[in-house]
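Heads up: the structure comes next, in structure tokens.
Just follow the structure's listing: the first ligand is 1, and inside any ligand the first atom is 1.
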Amino acid sequence: MSKSIYVFDSGVGGLTVLHQAIKVLPLERYTYYADIKNSPYGNKSSEQVKKIILDAFEEIDPKGVKACVIACNTATSIVVDELRIKCDYPIIGMEPAVKPALAIAGKKKIILLATELTLKEQKLKRLISILNAEEQIIPIPAPELVQAAENSTFHTNQLKTILESKFDRLNLKEVGAIVLGCTHFVYFKPLLRSLLPDTVELVDGNIGTIKRLKSLIIPTEQSYEDSLNCNLSGTIVNTEFLLPYLSYCDNHQINAYEKA
Ligand code: DGL
């Protein structure tokens, strides 16, 4: 059986990560796993999300997996340690890119956009404390963006108003960076860019995550006909549903915003 790199998310957010993976490792065979039956994860309890994800991984045949990218900050914060113990293939997790944002923002404030669950979890609190960044980070949940991405709406007046209302009490001159701590939010870079002063950098973990993936696998030299597969909560489906999202990433150069 030829093995796939699995890219796992609750829904379509991880496609922004898959887009970067295909750019860097174009010959690999990929299976995109979207757990749409249980999406969104961000408004559930950590116990619920843990069970959902561990159950999903029970159904994945490890013989077909070369590596798995957990292209979801929420899932990573809840369950990455357990997955690493259970699975004998490399598991690459994602966490909000606070460290690179600090390097960019210097002493300025950093807005951290993430799901409610990611913001509540100990993993993020530990990261912020290790980096001594409690005073600089302004955490803001943005569940509306998860829903909007699932509906393929990336640039509407309603979204503009939602985002403006999240920032209206802040002095954006004091903000050096916004961390997009949820893979669904990466689609909104063009909208965010249009709302924010140039002095505010948009930071996410997509490029770093795929660099890490590349360092952990031996890239294939052969190309596959069925190089892209799609699994929706355990059901293999046609990949057509993925293609508009990948084209959106291409057309808007979604992964070119990030400073490598
Ligand atoms: N894409 C996911 C993340 O990076 C979460 C979206 C959700 O299911 O709430 O956190």
Side-chain angles (χ1 to χ4, degrees), residues 6-21 32-57 68-81 83 91-98 100-101 111-125 127-128 139-154 159 162 166 178-189 192 202-210 212-213 230-233 241-242 245-246 248-249 254-255 258:
Y6 272 61
V7 178
F8 182 99
D9 184 35
S10 60
V12 299
L15 287 167
T16 66
V17 185
L18 175 65
H19 177 258
Q20 177 66 13
Y32 188 74
Y33 191 111
D35 191 10
I36 47 153
K37 203 173 82 188
N38 298 300
S39 173
Y41 288 166
N43 63 0
K44 296 188 168 55
S45 71
S46 56
E47 292 75 20
Q48 276 175 307
V49 172
K50 184 185 270 194
K51 180 169 175 4
I52 286 167
I53 298 171
L54 291 176
D55 287 352
F57 272 76
C68 181
V69 180
I70 310 297
C72 175
N73 296 260
T74 311
T76 300
S77 66
I78 303 289
V79 81
V80 76
D81 297 335
L83 290 177
I91 300 271
I92 298 92
M94 292 191 77
E95 63 185 5
V98 175
I111 296 173
L112 170 49
L113 290 179
T115 66
E116 281 147 318
L117 192 50
T118 300
L119 293 177
K120 262 195 264 174
E121 276 302 297
Q122 282 310 316
K123 201 171 175 69
L124 178 64
K125 295 199 172 119
L127 175 72
I128 294 174
I140 303 182
E144 309 88 338
L145 297 187
V146 175
Q147 205 45 59
E150 292 297 324
N151 297 337
S152 313
T153 41
F154 302 121
L159 284 171
I162 289 171
K166 289 187 189 290
I178 296 194
V179 174
L180 305 176
C182 168
T183 51
H184 281 73
F185 301 170
V186 177
Y187 292 109
F188 300 96
K189 282 179 178 176
L192 283 160
L202 304 178
V203 187
D204 66 81
N206 285 9
I207 290 179
T209 300
I210 298 310
R212 177 86 185 127
L213 167 67
C230 181
N231 185 328
L232 296 187
S233 300
F241 133 84
L242 309 180
Y245 287 93
L246 293 173
Y248 181 88
C249 291
I254 282 297
N255 286 306
E258 198 176 337

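For ligand 1, the 4.0 Å heavy-atom shell contains residues D9, S10, P40, Y41, G42, C72, N73, T74, T115, V146, C182, T183, H184.
By the 4.5 Å heavy-atom criterion applied to side chains, C249 and Y187 are counted as neighbours. Counting only heavy atoms from C-beta outward, the side chains of K189 and L180 approach each other to under 4.5 Å. By the 4.5 Å heavy-atom criterion applied to side chains, E47 and I78 are not counted as neighbours. Side-chain contact between I70 and L83 is present, with heavy atoms from C-beta onward closer than 4.5 Å.
F188 meets the ring-ring contact (aromatic ring centres under 6.0 Å, His included) test with F154; sequence neighbours excluded.
Side-chain atoms of D204 never come within 3.5 Å of backbone atoms of G181 as a donor-acceptor pair (strictly under, hydrogens ignored).
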